[in-house]
Amino acid sequence: MSAALQMTAFGLALLSTLFLLLATCTDCWMVNADDSLEVSHKCRGLWRECVTNMQDGVRTCDQYDSILADHPVKIVVTRTLLITADLLAGLALGTLLLGLDCIKFLKEDPRVKLKMCYGAGIILGIGSILGLVGSVWYAVDVYVERATLVSRNIFLGVHYDFGWSCWLGMAGATGCSVASVLLTCCLH
């Protein structure tokens, strides 16, 4: 039972970490949500903004000036939280991999391996909180920005909604959280 639980937690943690990494690297945190007939698809991300022409499929992207330049708070906070969550999830995966019963590392001391699994669960839990806070922070800011424009009857030509990168970040953080619970609460 313990080995099956460890492997389930490892698989979930691996998939969730990949989701977090993809969310951090991809550029579709906000997508245009205008109801009119669109000729282009606009995405904003943490690192750049891209526009895809719907007629011929040509995609052009504009990189943000610099990592150190003045950016909106939602971008800086989300970048920081997601990069930290990625690093913690990677550290937890490495620790968990060495703590698995099926790995021969420290085979003679099962208590140390169990402590490594618990430690990986705690690290995953912290990473999941940071990833979820970063993703939800960005999503709430997008919602507030749109609600403010609608309440003031301001139409700038395009409204933005949550993009698939935002959802991917939330899914990755939630998966890391579930893997953390499996490792810290269910592993005996």
Shortest non-hydrogen contact from Cys43 toward Val31: SG-CG1, 3.5 Å
Contact list for residues 14-31, test side-chain hydrogen bond (donor to acceptor under 3.5 Å, both in side chains), sequence neighbours left out: Thr24-Asp86, Thr26-Ser165, Asp27-Arg48, Asp27-Arg59
Gap separating the CG atom of Asn32 from the CG atom of Asp161, nearest 0.5 angstrom: 9.5 Å
Those residues that, when tested against Leu98, pass side chain to side chain contact (heavy atoms under 4.5 Å, CB included) (two or more places apart): Phe105, Met116
Pair listing, salt bridge (Lys or Arg N to Asp or Glu O under 4.0 Å) test, anchored in residues 126-136, at least two apart: none
CD-CE distance between Glu49 and Met30, expressed to the nearest 0.5 angstrom: 8.5 Å
Heavy-atom pair of closest approach, residues Leu183 and Cys117: CB-O, 3.8 Å
Single-linkage hydrophobic cluster, 4.5 Å side-chain cutoff, Trp47 and Val142 together: yes
Qualifying residues under salt bridge (charged side-chain N to carboxylate O under 4.0 Å, His left out), relative to Lys113, sequence neighbours excluded: none
Residue pairs fulfilling salt bridge (Lys or Arg N to Asp or Glu O under 4.0 Å) with at least one residue in residues 3-18, sequence neighbours excluded: none
Set of residues satisfying side chain to side chain contact (heavy atoms under 4.5 Å, CB included) with respect to Asp62, sequence neighbours excluded: none
Joint hydrophobic cluster, Ile75 plus Tyr143, side-chain heavy atoms closer than 4.5 Å: yes
Non-neighbouring partners of Cys61 that pass disulfide (SG to SG under 2.5 Å), sequence neighbours left out: Cys50
Distance (rounded to the nearest 0.5 Å) between Leu20 CG and Thr84 OG1: 11.5 Å
4.5 Å side-chain heavy-atom contact, Thr52 and Val58: no
Ser177: partners by side-chain hydrogen bond (donor to acceptor under 3.5 Å, both in side chains), with sequence neighbours left out: none
Closest non-hydrogen atom pair between Ala179 and Ala9, with its separation: CB-O, 3.7 Å
Side-chain hydrophobic cluster, 4.5 Å single linkage: members besides Leu81: Val73, Val77, Leu88, Leu91, Ile122, Ile123, Ile126, Ile129, Leu130, Val133, Trp137
Gap separating the CG atom of Leu14 from the CE atom of Met7, nearest 0.5 angstrom: 10.0 Å
Validation: residues 167-176 side-chain donor-acceptor distances under 3.5 Å, sequence neighbours left out:
{"from": "Thr174", "atom 1": "OG1", "to": "Met170", "atom 2": "O", "distance (Å)": "2.8"}

Residues forming a side chain to side chain contact (heavy atoms under 4.5 Å, CB included) with Leu97, sequence neighbours excluded: Phe10, Leu100, Ile103
Separation between CG of Leu124 and CG of Leu182, rounded to the nearest 0.5 Å: 10.5 Å
Non-hydrogen side-chain atoms of Leu82 and Ser135 separated by less than 4.5 Å: yes
Inter-residue atom distance Tyr118.OH - Cys185.SG, 0.5 Å rounding: 9.0 Å
